[in-house]
*Asks:* 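Let me give you the structure first, and then I'll get to my questions.
Indexing begins at 1, ligand by ligand and atom by atom, following the structure's order. Computed over heavy atoms, backbone and side chain alike; hydrogens, waters and symmetry mates excluded. None of these values were measured; they are calculated from a predicted model.
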Amino acid sequence: MAEYTKEVEEFVAKISQKNAHEKEFIQAVSEVAETIVPYVEQHKKYKEANILERMCEPERVIIFRVPWQDKDGNIQVNRGFRVQMNSAIGPYKGGLRFHPSVNLSILKFLAFEQVFKNSLTTLPLGGGKGGSDFDPKGKTDLEVMRFCQSFMTELSKHIGGFTDIPAGDIGVGAREIGYMFGQYKKIRNEFAGVLTGKGLQYGGSLIRTEATGYGVVYFSQEVLASKDDSLEGKVCAVSGSGNVAQYTIEKLIELGAKPVTVSDSAGCIYDKDGIDSEKLEYIKVLKNEQRGRISEYADKFKSAKFHADTTPWNFKVDLAYPCATQNELDVADTKTMIGNGCKGVFEGANMPTTLEAYHIIKKEKLMFSPGKASNAGGVATSGLEMSQNAQRLYWTREEVDYRLKMIMKSIHSNCMEYGQVDKNYTDYVKGANIAGFVKVADAMIAQGVV
Ligand code: NDP
Ligand code: 2IT
């Protein structure tokens, strides 16, 4: 456990007491409190306005019943959520997650992180998150459609282009966004940019699909460049095999790195020859169209082995890109990875590193970028999708990619402004937290006690 000051300890204790049993939310708040409470102590206007505690309380939480009929005619029921966390700098914005593990704690942690992340994007986006404990895995397209329609029937009462604009996250991709958009349009009789990640035929933006993964790699490129290094020839571990993992791998290949792992919740693929463009194409078809399991990769490519119940953090790599889910990189993994010579961790997922593992990484002074900085390219490009919808125009692939790159560069320099310790070391967690906090806090003060 890191050594906390009395003020940090008191703050975390208060939030923990008020949100007992919400362990992921408490974890996210603790990580922020470590750097923000001392900053607030030095800046009295934030302390007097009690900003940080106000930021820990969602502006609104909506919880609702989602009934639907499965393919055998049975009536099922799931729980739907939308956490509208903070609208100080723009309408609530953040993804929807469909996964059996979804609960209020997980969505509050994600919404809390989203507030800081969206502030870092330089765009006018508040923070929110939502989803359901529905599991799309193994369901037919028809079942997924029925669920999405029922979910949106209720959610549509609470969102809107100037209120709250959801997008995808785990278990919510192009298919689910399409079904939800269709239902929103039918209920409201309005063709609106109320969701992002839409299909290219109906208001989506080029590069949004790729944006989170590309952004993570652009961010790591900036970190390496600040140390006169590059991705060329770097051996990389990537976890997950969904949207973020796929496009992290794509950009790593393009920039001359060698990704050697990919995973899902059943285990991990290690490909000693590296994952090239052809193999990545196979992964995309397997996961996005056939909805198969990653173990099948090893049946297809002989250079690879599937390791059941194993994470990608057990192999010798230079850099790690956790792109699956929260708390997937723990203390034991971190020690193994550092022992194997890993020099940097760039988070593609939200809070994939446990707090204890992060403390080890910090002590060892590895390069480390928190998800709220390095995975912000996804929501930033959602913001660009909203701009295009408002203009009723489409930008080219080159234009969106250029803007994404510029946003990742600006997040990086913002983090350095508040987090640079010396010529050789930047604390990106501190940098991201303070840079994200200041903008939201100043807007909250300007708007009074609301
Ligand atoms: P996808 O649903 O496309 O893929 C998720 C991947 O993570 C799958 O390979 C899945 O494996 C794996 N996974 C999910 N839950 C677990 C678990 N409990 N244990 C092990 N593996 C798991 O989601 P995304 O790629 O969109 O999201 C991945 C991460 O990135 C999440 O943390 C998300 O919040 C974050 N993120 C996503 C953004 C986006 O634009 N999509 C933007 C910013 C962050 P399996 O199939 O076995 O479940
Ligand atoms: O965690 C995230 O930033 C996302 N899932 C994307 C949110 C968005 O609104 O594009």
*Asks:* Based purely on interatomic distance, does Asn375 place a nitrogen or oxygen under 3.5 Å from a nitrogen or oxygen of ligand 1?
*Replies:* no

*Asks:* Mark whether atom 10 (C) of ligand 1 lies under 4.0 angstrom from at least one protein heavy atom.
*Replies:* no

*Asks:* Tell me: protein heavy atom nearest atom 9 (O) of ligand 2, and distance?
*Replies:* Lys93 NZ, 2.7 Å

*Asks:* Is the shortest distance from a Lys or Arg side-chain nitrogen in Lys372 or Glu31 to a carboxylate oxygen in the other one below 4.0 Å?
*Replies:* yes

*Asks:* Using the ring of each side chain (for Trp, its six-membered ring), is His412 parallel, tilted or perpendicular to Tyr428, with breaks at 30° and 60°?
*Replies:* tilted

*Asks:* How close does the nearest protein non-hydrogen atom get to atom 4 (C) of ligand 2, and which residue and atom is it?
*Replies:* Lys129 NZ, 3.7 Å

*Asks:* Do Met152 and Ile159 come close enough that some side-chain heavy atom pair is under 4.5 Å?
*Replies:* yes

*Asks:* Where is the tightest heavy-atom contact between Phe181 and Ala192, given as atom of each residue plus distance?
*Replies:* CE1-O, 3.2 Å

*Asks:* Considering the heavy atoms of Gly95, write down every atom of ligand 2 situated less than 4.0 Å from one of them.
*Replies:* 7 (C)

*Asks:* Would you indicate whether the side-chain heavy atoms of Phe81 and Leu104 approach each other to under 4.5 Å?
*Replies:* yes

*Asks:* So which of Trp68, Phe134, Phe98 actually passes ring-ring contact (aromatic ring centres under 6.0 Å, His included) with Phe151?
*Replies:* Phe98

*Asks:* How far apart are the C-alpha atoms of Tyr92 and His158, what are their side-chain angles, what is the distance that settles it, and do they pass the ring pair (Phe, Tyr, Trp, His ring centres under 6.0 Å) test?
*Replies:* CA-CA 11 Å; Tyr92 310 110; His158 310 284; over 10 Å; no

*Asks:* May I ask you to identify the nearest protein heavy atom to atom 33 (C) of ligand 1, giving residue, atom name and distance to one decimal place in Å?
*Replies:* Asp169 OD1, 3.2 Å

*Asks:* Less than 4.5 Å apart, side chain to side chain, heavy atoms only: is that true for Arg82 and Pro166?
*Replies:* yes

*Asks:* Please state which option from Gly242, Ala167, Gly171, Cys268 has its nearest heavy atom closest to atom 6 (C) of ligand 1.
*Replies:* Gly242

*Asks:* Just to be sure I read this right, does ligand 2 sit under 4.0 Å from the backbone of Glu113, its side chain, both, or neither, counting only heavy atoms?
*Replies:* neither

*Asks:* Measure the spacing between CG of Leu125 and OG of Ser87 and express it to the nearest 0.5 Å.
*Replies:* 12.0 Å

*Asks:* Give the residue and atom name of whichever protein heavy atom lies nearest to atom 8 (C) of ligand 2, and the separation in Å to one decimal.
*Replies:* Ala167 CB, 3.4 Å

*Asks:* Output yes when the distance from some N or O of ligand 1 to some N or O of Gly240 is under 3.5 Å, and no in every other case.
*Replies:* no

*Asks:* Could an N or O of ligand 1 be found under 3.5 Å from any N or O of Gln326, whether backbone or side chain?
*Replies:* no

*Asks:* For atom 10 (O) of ligand 2, what is the closest protein heavy atom, and at what distance to 0.1 Å?
*Replies:* Ser382 OG, 2.6 Å

*Asks:* What residue and atom, counting heavy atoms only, is the protein's closest point to atom 16 (C) of ligand 1, and at what distance?
*Replies:* Thr325 CG2, 3.6 Å

*Asks:* Over 60° means perpendicular and under 30° means parallel, so classify the ring planes of Tyr214 and Tyr247, tilted if in between.
*Replies:* perpendicular

*Asks:* Please say whether more than 12 non-hydrogen atoms of neighbouring residues, nucleotides or ligands are located less than 6.0 Å from OH in Tyr402.
*Replies:* no

*Asks:* Starting from atom 6 (C) of ligand 2, find the nearest protein heavy-atom neighbour and note its residue, name and distance.
*Replies:* Arg208 NH2, 3.6 Å

*Asks:* For Lys117, take its heavy atoms, then give the atoms of ligand 2 lying under 4.0 Å from any of them.
*Replies:* 1 (O), 2 (C), 3 (O)

*Asks:* For ligand 1, which atoms sit closer than 4.0 Å to a heavy atom of Ser241?
*Replies:* 9 (O)

*Asks:* Is the closest N or O pair between Lys137 and ligand 1 shorter than 3.5 Å?
*Replies:* yes

*Asks:* Mark yes when over 12 heavy atoms from residues, nucleotides or ligands other than Lys343 sit less than 6.0 Å from its NZ; otherwise mark no.
*Replies:* no

*Asks:* Please report which non-hydrogen protein atom sits nearest to atom 37 (C) of ligand 1, along with the residue it belongs to and the distance in Å to one decimal place.
*Replies:* Val244 CG2, 3.5 Å

*Asks:* If you define the side chain from C-beta out and look only at heavy atoms, does anything of Thr248 sit under 4.5 Å from Cys323?
*Replies:* yes

*Asks:* Tell me which part of Pro352 gets within contact of ligand 1: side chain, backbone, both or neither, using heavy atoms under 4.0 Å.
*Replies:* neither

*Asks:* Could you list the atoms of ligand 1 found under 4.0 angstrom from a heavy atom of Cys323?
*Replies:* 28 (C), 29 (C)

*Asks:* Which heavy atom of Ala257 sits nearest to which heavy atom of Pro259, and what is that distance?
*Replies:* O-CD, 3.5 Å

*Asks:* Of all the atoms in ligand 1, which lie at a distance below 4.0 Å from a heavy atom belonging to Ala349?
*Replies:* 29 (C), 30 (O), 32 (O), 35 (C)

*Asks:* Within the 4.0 Å heavy-atom shell around Ser263, which atoms of ligand 1 are there?
*Replies:* 9 (O)

*Asks:* Is it true that, when you exclude Lys430 itself, more than 12 heavy atoms of the residues, nucleotides or ligands shown sit nearer than 6.0 Å to its NZ?
*Replies:* no

*Asks:* Could a heavy atom of Gly173 be found less than 4.0 Å from some atom of ligand 1?
*Replies:* no

*Asks:* Write out the residue and atom name of the closest protein heavy atom to atom 35 (C) of ligand 1, then the distance separating them to 0.1 Å.
*Replies:* Asn350 ND2, 3.7 Å

*Asks:* Hey, mind stepping through Phe346 and Phe368 against ring pair (Phe, Tyr, Trp, His ring centres under 6.0 Å) and telling me if it holds?
*Replies:* CA-CA 6 Å; Phe346 304 103; Phe368 179 82; 8.6 Å; no

*Asks:* Quick one: does ligand 1 sit under 4.0 Å from the side chain of Thr212, the backbone, both or neither, non-hydrogen atoms only?
*Replies:* side chain

*Asks:* With a 4.0 Å cut-off on heavy atoms, is Gly371 touching ligand 2?
*Replies:* no

*Asks:* Within the 4.0 Å heavy-atom shell around Arg208, which atoms of ligand 1 are there?
*Replies:* 40 (O)

*Asks:* Would you call Asp318 and Lys234 a salt bridge, taking side-chain N to carboxylate O under 4.0 Å as the test?
*Replies:* no

*Asks:* Which atoms of ligand 1 have any heavy atom of Ser265 under 4.0 Å away?
*Replies:* 11 (O), 19 (N), 20 (C), 21 (N), 45 (P), 47 (O), 48 (O)

*Asks:* What protein heavy atom sits nearest atom 23 (O) of ligand 1, and how far off is it?
*Replies:* Ile170 CA, 3.5 Å

*Asks:* Less than 3.5 Å between some nitrogen or oxygen of Asn350 and one of ligand 2, yes or no?
*Replies:* yes

*Asks:* Show me which atoms of ligand 2 lie under 4.0 Å from any heavy atom of Gly94.
*Replies:* 7 (C), 9 (O)

*Asks:* Look at atom 29 (C) of ligand 1 and find which of Ala324, Gly131, Ala266 reaches it with the closest heavy atom.
*Replies:* Ala324

*Asks:* Is any NZ, NE, NH1 or NH2 atom of the basic residue among Lys409 and Glu222 found under 4.0 Å from an Asp or Glu carboxylate oxygen of the other?
*Replies:* yes

*Asks:* Can you see whether Phe25 has Lys108 sitting over its ring - NZ or CZ less than 6.0 Å from the centre and within 45° of the normal?
*Replies:* yes

*Asks:* Which heavy atom of the protein is the closest neighbour of atom 46 (O) of ligand 1, given with residue, atom name and distance?
*Replies:* Arg293 NH1, 3.2 Å

*Asks:* Below 4.0 angstrom, N of the basic side chain to O of the carboxylate: do Glu210 and Arg397 qualify?
*Replies:* yes

*Asks:* Measure the shortest side-chain to side-chain distance between Val331 and Thr334 over non-hydrogen atoms and say whether it is less than 4.5 angstrom.
*Replies:* no

*Asks:* Would you mind listing which atoms of ligand 1 come within a distance below 4.0 Å of any non-hydrogen atom of Arg97?
*Replies:* 31 (C), 32 (O), 33 (C), 34 (O)

*Asks:* Is there any N or O on Leu110 that sits under 3.5 Å from an N or O of ligand 1?
*Replies:* no

*Asks:* For atom 3 (O) of ligand 1, which candidate among Asn243, Asn327, Asn288 holds the nearest heavy atom?
*Replies:* Asn243

*Asks:* Which atoms of ligand 1 have any heavy atom of His99 under 4.0 Å away?
*Replies:* 15 (N)

